[in-house]
Protein chains: 2
Amino acid sequence: MVSYSARASHDPRFDLSDDEVDRIFRALADATRRDIIRRILSEDATVSQLAEPYDMSFAAVQKHIAVLEGAGLVTKHPSGRERIVRGNPEMLRRAQALLGRYEQIWRGRIDRLDALLAEDEPRESH
Amino acid sequence: MVSYSARASHDPRFDLSDDEVDRIFRALADATRRDIIRRILSEDATVSQLAEPYDMSFAAVQKHIAVLEGAGLVTKHPSGRERIVRGNPEMLRRAQALLGRYEQIWRGRIDRLDALLAEDEPRESH
DNA sequence: ACTATATGAAACCATTTGGTTGTACGTTAG
DNA sequence: CTAACGTACAACCAAATGGTTTCATATAGT
C-alpha cells in the first residue's frame, strides 16, 4: 500500500545500478564537466569546440568528455573527422529523480513522526 | 524576456560555490555514502549505529560520514559520548534544483529550436 | 577509581583521478 | 599528394580517495 511504484510506469529510474549512479554523480562532481554539460545541453558541439575555452590541454578535456560519456550523460557521434558531442538529458533526469527519492524518504520520516505524535493510544514509550 | 530568474525568489540555489557543488556530488558518488544518507533521512543515528551494518572498519565509515558532513549533507550533534548524525535534506534539494537547472537549459534549447522553425522571416540560414 | 564504549585522528598503503606530453591515424583542404 | 586538422590513445606524474591499523581522549557504567 506504500505508493512505491505508484506513478512509476514511465520512469525507469530504479534500473540504475550502484555503479551507474556512482559514475553519474562522480561525473557531475567536477566544475569543468558540469560546464561542458551546460554547454552541450544548450547546443551540440565538437570535441575541439568544447575544449577551446578551457585553460587545459585538449587531451584533458577529452578525458572529461570520456567521463561524461561513461556516465551516459553525453554521447559522441562521428561526423567526418570530428565527433559531435550531444547531451543526454534523460540521465540528468534520472539523477534528479534519485535525489527526489531521498526527499520521499525524508517526508516518510516526517509522516511517521506525525503519526507518532497523533497516537491516541500510546503504548509504553519508556 | 528569458524567464531566467522568474520564480526563483524562494530558492537560494545559486549561492552554492563550485567547490560546494563538487563536494555534494562527490559525496553522493559512493554507494555506501548514499546508503548512509538514506538511513539518516529515515532516522537519526549515532556514528556506531551507522557503522555497524557495513563490512568495513569503523574508521572507514567515520570517514564516509566526514565526507557527507563536509558536503553539508549531514550534521553531527554531540550527545554524551556519542554523536547523533542528522540528515540535511536542504542540501539534497539544492543538488536537485541544480539538476533542474540543466533541464531548464535543455528546454531553452528546444524553445530556441522551435522558435527557429517557426520563423516566418528566415534570414540567410546558410 | 577502573573499565568499557564511542569517537577522533594519525600514519600508511593501493588505486583512481586529473592533469601533462608525445605519438599515431583517419579526414579534409589545397 | 601532401599538409593541416580533429581525434584517439599511451605513458607518465602528483594528488586525492578509500581503505587499513594504531593510538588518544572523553564519557558512561559498575
Side-chain angles (χ1 to χ4, degrees), chain A residues 17-40 43-87 126, chain B residues 17-40 43-87 126:
Chain A
S17 73
D18 274 355
D19 269 11
E20 290 174 301
V21 178
D22 282 8
R23 265 172 286 158
I24 292 174
F25 282 128
R26 176 166 292 274
L28 290 170
D30 180 285
T32 302
R33 287 195 292 260
R34 286 193 302 275
D35 195 55
I36 291 178
I37 290 184
R38 272 183 236 113
R39 295 172 55 206
I40 278 304
E43 193 156 19
D44 292 351
T46 68
V47 178
S48 311
Q49 288 172 340
L50 286 175
E52 192 268 328
Y54 303 113
D55 192 25
M56 71 181 76
S57 71
F58 174 78
V61 178
Q62 243 182 330
K63 282 201 196 174
H64 280 304
I65 296 173
V67 170
L68 291 171
E69 197 180 13
L73 289 165
V74 135
T75 52
K76 275 191 289 192
H77 303 85
S79 168
R81 65 179 158 186
E82 12 186 71
R83 306 298 155 97
I84 310 291
V85 185
R86 183 167 306 155
H126 86 314
Chain B
S17 72
D18 275 356
D19 269 11
E20 290 175 300
V21 179
D22 282 9
R23 267 173 283 156
I24 292 174
F25 282 127
R26 175 165 295 275
L28 290 169
D30 179 286
T32 302
R33 286 196 291 261
R34 285 193 302 274
D35 194 55
I36 291 178
I37 290 185
R38 272 182 235 113
R39 294 173 55 206
I40 277 305
E43 194 156 18
D44 291 351
T46 68
V47 178
S48 311
Q49 288 172 340
L50 286 175
E52 192 267 328
Y54 304 112
D55 191 27
M56 70 181 80
S57 72
F58 174 78
V61 178
Q62 243 182 328
K63 281 200 198 175
H64 280 304
I65 295 174
V67 171
L68 291 171
E69 196 181 13
L73 289 166
V74 134
T75 52
K76 275 191 288 192
H77 306 273
S79 168
R81 65 179 160 186
E82 19 186 63
R83 307 298 157 98
I84 309 290
V85 185
R86 184 167 305 154
H126 87 315

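In the text below, chain A, chain B and the rest are named by the order of the sequence lines, each starting its count at 1.
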Distance in angstrom units between A/Ile65 CD1 and D/dG6 P, rounded: 14 Å
Exercise: identify the closest heavy-atom pair between B/Tyr54 and B/Thr32: OH-O, 4.0 Å
Test log, rule side-chain contact (heavy atoms from CB on, under 4.5 Å), inputs A/Glu69 and A/Val85: CA-CA 9 Å; A/Glu69 197 180 13; A/Val85 185; over 6 Å; no
Write down the protein N/O and nucleotide N/O pairs, taken from nucleotides 13-20 of chain D, whose separation is under 3.5 Å; answer none if there are no such pairs.
| residue | atom | partner | partner atom | Å |
| --- | --- | --- | --- | --- |
| D/dG18 | OP1 | B/Arg33 | NH2 | 3.3 |
| D/dG18 | OP2 | B/Arg33 | NH1 | 3.1 |
| D/dG19 | OP2 | B/His64 | NE2 | 2.2 |
| D/dG19 | N7 | B/Lys63 | NZ | 2.9 |
| D/dG19 | O6 | B/Lys63 | NZ | 2.3 |
| D/dT20 | OP1 | B/Ser57 | N | 3.3 |
| D/dT20 | OP2 | B/Ser57 | N | 2.8 |
| D/dT20 | OP2 | B/Ser57 | OG | 2.5 |

Integer-rounded Å distance: C/dT27 C1' and A/Ile84 CD1: 14 Å
Minimum-distance pair of heavy atoms, taken over all atoms of B/Ile24 and B/Ala71: CG1-O, 3.6 Å
Whole-Å distance separating the NE2 atom of B/His77 from the P atom of D/dT27: 18 Å
Protein-nucleotide distance (A/Arg81, atom CZ; C/dT27, atom P), rounded to Å: 11 Å
Nearest to side-chain heavy atoms of A/Gln62, which nucleotide of C/dT28, C/dA6, D/dA8: D/dA8
Short side-chain N/O contact to D/dG6 OP1/OP2 from A/Arg83, under 4.0 Å: no
Nucleotide C/dA6, atom P - distance to NZ of B/Lys76 in whole Å: 15 Å
CD1-NE2 distance between A/Ile36 and A/His64, expressed to the nearest 0.5 angstrom: 6.5 Å
Given DNA chain D, 5'-ward residue of the pair B/Gly80 and A/Thr46, judged by closest heavy atom: A/Thr46
Approximate separation, where rounding is to 0.5 Å, of A/Arg26 CZ and A/Arg33 CZ: 8.0 Å
Closest non-hydrogen atom pair between B/Ala51 and B/Val61, with its separation: CA-CG1, 3.7 Å
